[in-house]
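The block underneath contains the structure these notes are about, expressed in structure tokens.
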Amino acid sequence: MPQVTLPDGKTLEVAPGTTVGQVAAMIGPGLAKAAVAGKVNGEIVDLSHPLEADCRLELLKLDAADPDSLYVLRHSAAHVMAEAICSLFPETKLVYGPPVDNGFYYDIDLDRPLSSQDFEAIEQRMAQIIKEDRPFTRYEVDRQEAFKKLQAEGNRYKIDNAERAEGPLSFYVTGPEPGRYFEDLCRGPHLPSTGRIGAFKVMQVSGAYYRGDQKEKQLQRVYGTAWPTRKDLDKYLAQLEEAKKRDHRKLGQELGLFTVDPLVGSGLVLWKPKGAVIRAQLEDFLRAELIKSGYQPVYTPHIGKLGLYRTSGHFPYYKDSQFPPIFESRTAEILNRLWEAARGRPSGEICPEERQILAELRQTDAAAYEALTGHSAYKAGGDKAAHLKAIEAQLEVSDGYLLKPMNCPHHIRIYASEPRSYRDLPIRLAEFGTVYRYEQSGELSGMTRVRGFTQDDAHLFCRPDQLLEEITGCVNLTRKVLDLLGLSDYSVRVSLRDPASDKYVGSAENWALAEQAVREAVKASGMVFTEALGEAAFYGPKIDFIVKDCIGREWQLGTVQVDYNLPERFELTYIGADNAAHQPVMIHRAPFGSMERFVGILIEHFAGAFPLWLAPLQVVVASVSEKSADYARTVRDRLFAAGVRVELDDSPEKIGPKKHNARKQKVPYILVVGEKEAAEQSVNVNDRNGRNLGNEDLAAFVERCTREIRERVL
RNA sequence: GCCACUGUAGCUCAGCCGGUAGAGCAGCGGUUUUGUAAACCGCAGGUCGCGGGUUCGAAUCCCGCCGGUGGCUCCA
């Protein structure tokens, strides 16, 4: 007889084959009514699931706070929506419909595009199915029979799904028995019946490639959300509204922080004066930290020769996501095409495409053509590497330039500009360096996904024996930055190379060394972390700080990366104690990541109400009337002299509108000054939340205000 | 880049089935000198994203571009 252990530790003996639902009934009628699924040894199952062996059993009730119950609810809601869509559009082919955070979606293949105008009809049909309160009925068939059945339906997606599942396949009927009702190949589990879906809403429709493959057919993905009760749904919808209010694009506009102008270009952020204040404060903070930590500021230009990025590996690897190069001459452009063709050819022999480009070169620039084809390495038969070298030699005469996609090559050349001793290391070069990346148009968004952005970048060159300490220093700096701003909801990810992919440069040994160093450093820091295969940079593994914003979106902000490969590609050295040349190890790191993205996230994090030290405008002095205007000016001047960003509002308005305007701009302190304040040399302090903090001596306020700024109080 | 939606004054939006534009806020001018969440009167402001087409007539219908939004893919 199977022994069932309940969460409170009690055990029940039940006959083999007793279902989860029956156990619920044994415990009590209330639970039997409320239970919608069970969790057997940690696995969620239907109420109809039979228990055959000893197990731990937990019964799930619908609860907006219980993710397991929501999972089941939304999975079932996806089936109901699928049935609704299929009944409205019988030619629909269903693909895949899982629960996701906050809801569910169903991918469908339907030539007629759905739009939000169709949602109402879908919702009505769903409501009807839910009202009918039909049971979800599971039945299993062996694989052969299942495939026969799916084949008959002629739905290639479901056959695909079935092929990737293991063991016997199950179907769920939205009704008491197969045959007369909607059914779907599905692993389950589901609610006992459709009536348990308390509240739902069809949210949106979008395109989605089948199996995430851009070459595959684009399906329609219909998103919905479902909750135990109407109240839960309303709460969720209200949350979405709240998130919209915090949207940095909206607030950036309202508060005059930044703009993106189509005339300048998509994804190119223009920082307005108020946004620039915030950025400057952050930069000032970090600059001071860097000096304390032994960094040396440097400046480098925004472009560099293509040859630089050929050596680093950026140019060939990321050429699709770069702004097109600027060529010095047509010769340079042709030579680059030739180089590209030679690099891409499989064998050692010059390929037809190259011959064609060579002919073009001969016509355009006979001298360059002669120089290249006369080069001994180019003539040396079928040696691809030699050919590339010969072309590169010619490109030194005339090449192109690239807007820099990263700062590291420039910093590397600063390192290489003088001989380095082991005593000089570590060398830490820091720069707020602006980089340009040609992101796909559909990816651009406000400040968080842009085509030009400034990294708070630095490159540390150190000896292998210094590596751990240096990584740790970088990790601590990043944590300090996040703590400073109260961005406490972050996770740490160790991003490793996917050995199966060929997108990385460098040897396996280098990667092993770097990955080991990164792991060790994170472990030593005591932080909880996850590892992610295939998330590394192309030159080395990373420690990524992933911060959660107010809407629950995750952003990769700070990053620390260990790199053995670029020092090798650039043949960097230092002279060791043994008087021999050694190769340094590099660390790339950016605590903020990008200033654009970081400030974008901060806007949402603070909902535009920045802490005093960051606020573009810190204090507004509002005079009650002209009788107190002189004193108001005194207050303004005192604060201004103390370094506070302050404005005087001496317009002939009432206090109400003056406060209102300042609050709309999220100014932290609003000082009301009238005849009373003038008489006692005080200010009436109001915050942007509408609280009146009472009167304070002017001198005391100036002191408190400057201290809060100095201490960067949140 | 792909799919869907979307684009009217500086901002937020109205303008149904085609009859050549309207409000609030902001701005400007005036009145009000005011004690804590938006004073009053007036003025000005738009090639209705751009380009084609249909039509006697297009902000409105159709097509193509260009922005933007939500997803997908991508993300050094």
Aromatic contact, A:Tyr415 with A:His459 (centres under 6.0 Å):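 Between A:Tyr415 and A:His459, the centre distance exceeds or equals 6.0 Å.
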Pair A:His411 + A:Phe461: ring centers closer than 6.0 Å: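 Distance test on ring centres: not under 6.0 Å, no.
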Side chain A:Tyr209 and base B:G1 donor-acceptor under 3.5 Å: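 Side chain to base: pair present.
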Any strand is fair game: report the nucleotide pairing with [N] by Watson-Crick or G-U wobble, both distances under 3.5 Å, or none.
N	answer
B:A14	none
B:C43	B:G27
B:C5	B:G68

Distances under 3.5 Å between protein N/O atoms and the N/O atoms of nucleotides 74-76 of chain B, please, pair by pair.
from: B:C74; atom 1: O2; to: A:Arg449; atom 2: NH2; distance (Å): 3.2
from: B:C74; atom 1: N3; to: A:Glu443; atom 2: OE2; distance (Å): 3.2
from: B:C74; atom 1: N3; to: A:Arg449; atom 2: NH1; distance (Å): 3.4
from: B:C75; atom 1: N1; to: A:Arg449; atom 2: NH2; distance (Å): 3.4
from: B:C75; atom 1: O2; to: A:Arg449; atom 2: NE; distance (Å): 3.3
from: B:C75; atom 1: O2; to: A:Arg449; atom 2: NH1; distance (Å): 3.0
from: B:C75; atom 1: O2; to: A:Arg449; atom 2: NH2; distance (Å): 2.8
from: B:A76; atom 1: O2'; to: A:Arg437; atom 2: NH2; distance (Å): 3.0
from: B:A76; atom 1: N6; to: A:Ser321; atom 2: O; distance (Å): 2.9
from: B:A76; atom 1: N6; to: A:Ser321; atom 2: OG; distance (Å): 2.1

[X] [atom1] - [N] [atom2] separation (whole Å):
X	N	atom1	atom2	answer
A:Asp247	B:U12	CG	P	12 Å
A:Tyr631	B:G35	OH	C1'	15 Å
A:Lys666	B:A37	NZ	C1'	13 Å
A:Lys658	B:A37	NZ	C1'	15 Å
A:Asp107	B:C3	CG	C1'	12 Å
A:Leu263	B:G68	CG	C1'	16 Å
A:Lys676	B:U36	NZ	C1'	13 Å
A:His660	B:A37	NE2	P	11 Å

Applying side-chain hydrogen bond (donor to acceptor under 3.5 Å, both in side chains), can you list everything that pairs with [X], at least two apart in sequence or on another chain?
X	answer
A:Asp649	A:Ser651
A:Asp160	A:Tyr210, A:Arg211
A:Ser115	A:Gln117

Residues which pass side-chain contact (heavy atoms from CB on, under 4.5 Å) with A:Lys503, listed by chain and number, not counting sequence neighbours: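 side-chain contact (heavy atoms from CB on, under 4.5 Å) list for A:Lys503, sorted by chain: A:Tyr317, A:Ser501.
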Touch class at under 4.0 angstrom, heavy-atom based, for A:Gln253 against every strand present: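 Result for A:Gln253 = sugar-phosphate.
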Touch class at under 4.0 angstrom, heavy-atom based, for A:Ile670 against every strand present: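 The residue A:Ile670 makes no contact with any strand.
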Set of residues satisfying salt bridge (Lys or Arg N to Asp or Glu O under 4.0 Å) with respect to A:Glu626, sequence neighbours excluded: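 So A:Glu626 forms no salt bridge (Lys or Arg N to Asp or Glu O under 4.0 Å) with any residue.
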Listed partners of A:Arg704 passing salt bridge (Lys or Arg N to Asp or Glu O under 4.0 Å), at least two apart: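 By the salt bridge (Lys or Arg N to Asp or Glu O under 4.0 Å) rule, A:Arg704 matches A:Glu696, A:Glu708.
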Check every atom of [options] against the side chain of [X] and return the nucleotide holding the closest atom.
X	options	answer
A:Pro113	B:A4, B:G1, B:G71	B:A4
A:Ser266	B:G68, B:C5, B:U69	B:G68
A:Gln204	B:U33, B:G71, B:G67	B:G71
A:Arg221	B:U69, B:A4, B:C72	B:C72
A:Glu677	B:G35, B:C72, B:G71	B:G35

Sequence neighbours excluded - side-chain hydrogen bond (donor to acceptor under 3.5 Å, both in side chains) pairs with any residue from residues 263-276 of chain A: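 Output for this query lists A:Trp271-A:Glu596.
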Selection: residues 681-692 of chain A, any non-hydrogen atom under 4.0 Å of RNA chain B: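 Heavy-atom cutoff 4.0 Å gives A:Asn684, A:Asn686, A:Asn689, A:Asn692.
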Parallel, tilted or perpendicular: ring planes of A:Tyr436 versus A:His302, cut at 30 and 60 degrees: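 Ring orientation of A:Tyr436 relative to A:His302: tilted.
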Any pair counted as salt bridge (Lys or Arg N to Asp or Glu O under 4.0 Å), so long as it reaches residues 300-315 of chain A, sequence neighbours left out: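 Output for this query lists A:Arg310-A:Asp399.
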Salt bridge (Lys or Arg N to Asp or Glu O under 4.0 Å) contacts touching residues 656-665 of chain A (sequence neighbours left out):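 Every candidate salt bridge (Lys or Arg N to Asp or Glu O under 4.0 Å) pair involving residues 656-665 of chain A fails, so no pair, neighbours aside, qualifies.
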Side chains of A:Tyr236 and A:Asn102 in contact at under 4.5 Å (non-hydrogen atoms):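 Yes, side chains in contact.
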Side-chain N,O (A:Ser441) to OP1/OP2 (B:G1) below 4.0 Å: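 Looking at the OP1 and OP2 atoms of B:G1, one of them is under 4.0 Å from a side-chain N or O of A:Ser441.
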For nucleotides 39-49 of chain B, give me every protein contact, N/O to N/O, under 3.5 Å, one pair per line with atom names.
none

